[in-house]
Chemist: 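Questions regarding the structure given below will be posed in turn.
In what follows, residues are counted from 1 in the order of the sequence shown. All heavy atoms count here, side chains included; hydrogens, waters and symmetry mates do not.
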Amino acid sequence: MGVEGDGRSASDGRVAAPAGTTFAPESLAWLGWFRLVAICGVILIHVNGVTAAQLYGRDVPVGEWARVLDFVSRWSVPAFVMCSGAMLLDPSRYRGTGHFLRRRASRLVPPLVFWHLVYAAWVVHLRGAFDPAALLHAAATGTLYTALYFFWIVLGLALLTPLLVPWVASVSPREVGIAGVVLTAMPAAAMAIVPVAPASEEWIRTAVTWWVPYLGYYLLGYALRRAHLTTARGLAALAGFVAGCAWIVWQWKQPTGFGAVLEHYQPAESYFHPAVALAACCAMYLTRWIVRPGGLGGGFARPAPARWGRELGAATLGVFAAHQLVLAAAERAPIIGGGIVASSPAELVARCVVVIVGAYAFALLGRRIPGVDRVV
């Protein structure tokens, strides 16, 4: 047995918590529902982003709808990293380095390879040319297709986790949270340097370094999982979430004044923006506060709904991987298609619904097919 409280492994590979540290029994039903909401947010970003950008400044309703739906969802990307931290940094679940890395490799490497090959084929189809060097460069920099860099983020953080868990076990959740805040503030501060030194962020955009600016979010996920729930904090989280989302929606592409200065040094599109970080943290705490026995959404924590939440949450990797292809199909479909830019608010909303439902149908079905379940 490891020495109690020293953070070293016990005989079964688990990491001991500090002496005197106890956590009340918890329901994790909220986590599945939180992942469901977050993946819907990611889809909203990708469905609405091009329409928002192309129609900016034209004062047309569909452009305003796209702007709001896109930027009110920005918190959802870091939220996924926080979900990973909430579960993977738990010392009580850790069974040793070898066991952990084998399981994460089995879960992440097959879909990483498979979906990079799928999207490489799609890119070749779109371009009408096969350029192996360009495809390899894009894959290595996480730019092969929209958001595929997320695979590199979670893989990099997984490789770092065996070093983090003993430290997490040796300190309090509050200290983990402080470290998370500091590490989340650093990329935000670095973004202010980019306008005067554009090349300063280039080293981050590689397969082996994409995880670096997301480490703070990873730690915050575990800290917020352990945060004490109170009504006052829940209401404050609600206010913080609304304020963070409103800030981002307002700031994007402000042409003059204070908003323009903010946009120059802290772009609203950045996932490291302080308001995005605020909204993501508040969203996680708020979901925990609502979806719990006795909470406002306590019904979602009951056994049957909790199972639905777990199933829908577990399918989010497949939803993420497939939704870009579903979106491409929706943009070419009758009635809601005709181009990458939506022509009306109704068409835009219909695309959002079709992509969410279509990607989920694919992922949930794929999880029941042997072989396919390895990559969704």
Side-chain angles (χ1 to χ4, degrees), residues 39 41-54 70 73-74 76-78 80-81 84 104-105 107-160 187 190-191 194 197-215 217-218 267 269-272 316-332 339-341 355 358-359 362-363 366 372 374-376:
I39 194 61
V42 170
I43 291 174
L44 290 180
I45 292 172
H46 296 151
V47 173
N48 293 281
V50 174
T51 298
Q54 292 293 324
D70 180 352
S73 306
R74 289 275 150 176
S76 59
V77 172
F80 264 109
V81 178
S84 294
R104 294 313 292 164
R107 181 66 184 117
L108 295 176
V109 173
L112 183 153
V113 173
F114 175 79
W115 288 105
H116 273 74
L117 291 174
V118 168
Y119 280 100
W122 179 241
V123 169
V124 170
H125 168 73
L126 293 177
R127 295 178 179 175
F130 177 59
D131 186 342
L135 292 173
L136 182 61
H137 177 270
T141 56
T143 58
L144 179 63
Y145 206 79
T146 305
L148 285 186
Y149 62 83
F150 190 79
F151 279 114
W152 299 115
I153 293 173
V154 293
L155 184 60
L157 290 171
L159 292 173
L160 191 66
M191 289 302 298
V194 173
S200 60
E201 66 171 341
E202 288 305 313
W203 73 276
I204 292 293
R205 301 179 184 279
T206 73
V208 296
T209 54
W210 264 109
W211 61 270
V212 173
Y214 291 89
L215 176 58
Y217 285 125
Y218 195 56
E269 293 181 346
S270 170
Y271 297 124
F272 316 127
T316 51
L317 179 62
V319 175
F320 166 77
H323 81 277
Q324 294 283 2
L325 293 179
V326 180
L327 173 57
E331 291 171 344
R332 293 160 173 78
I340 60 174
V341 177
V355 175
F362 171 84
V372 179
R374 295 290 307 278
V375 298
V376 298

Chemist: Looking only at atom types and distance, does a side-chain atom of R74 sit under 3.5 Å from a main-chain N or O of Y271, one as donor and one as acceptor?
Modeler: no
Chemist: If you define the side chain from C-beta out and look only at heavy atoms, does anything of Q54 sit under 4.5 Å from I340?
Modeler: no
Chemist: Check whether any side-chain heavy atom of I153 sits under 4.5 Å from a side-chain heavy atom of Y217, and report yes or no.
Modeler: no
Chemist: Please answer whether the main-chain N or O of A121 pairs with a side-chain N or O of H125 as donor and acceptor at a distance below 3.5 Å.
Modeler: no
Chemist: Is it true that a side-chain atom of W152 and a backbone atom of A140 form a donor plus acceptor pair closer than 3.5 Å?
Modeler: no
Chemist: Just checking, any donor-acceptor pair under 3.5 angstrom between side chains of S76 and S73?
Modeler: no
Chemist: I'd like to check V154 versus Y214 (side-chain heavy atoms, cut-off strictly below 4.5 Å). Are they in contact?
Modeler: no
Chemist: Is L325 close to V118 at the side-chain level, that is, under 4.5 Å between some pair of heavy atoms?
Modeler: yes
Chemist: Side-chain contact test, heavy atoms from C-beta onward, threshold under 4.5 Å: evaluate it for F150 versus V81 and give yes or no.
Modeler: yes
Chemist: Who pairs with Y218 by side-chain hydrogen bond (donor to acceptor under 3.5 Å, both in side chains), at least two apart in sequence or on another chain?
Modeler: T161
Chemist: Is there side-chain contact between T143 and R205, with at least one heavy-atom pair below 4.5 Å?
Modeler: no
Chemist: Please report the interatomic distance OH(Y149) to OG1(T141), rounded to the nearest 0.5 Å.
Modeler: 12.5 Å
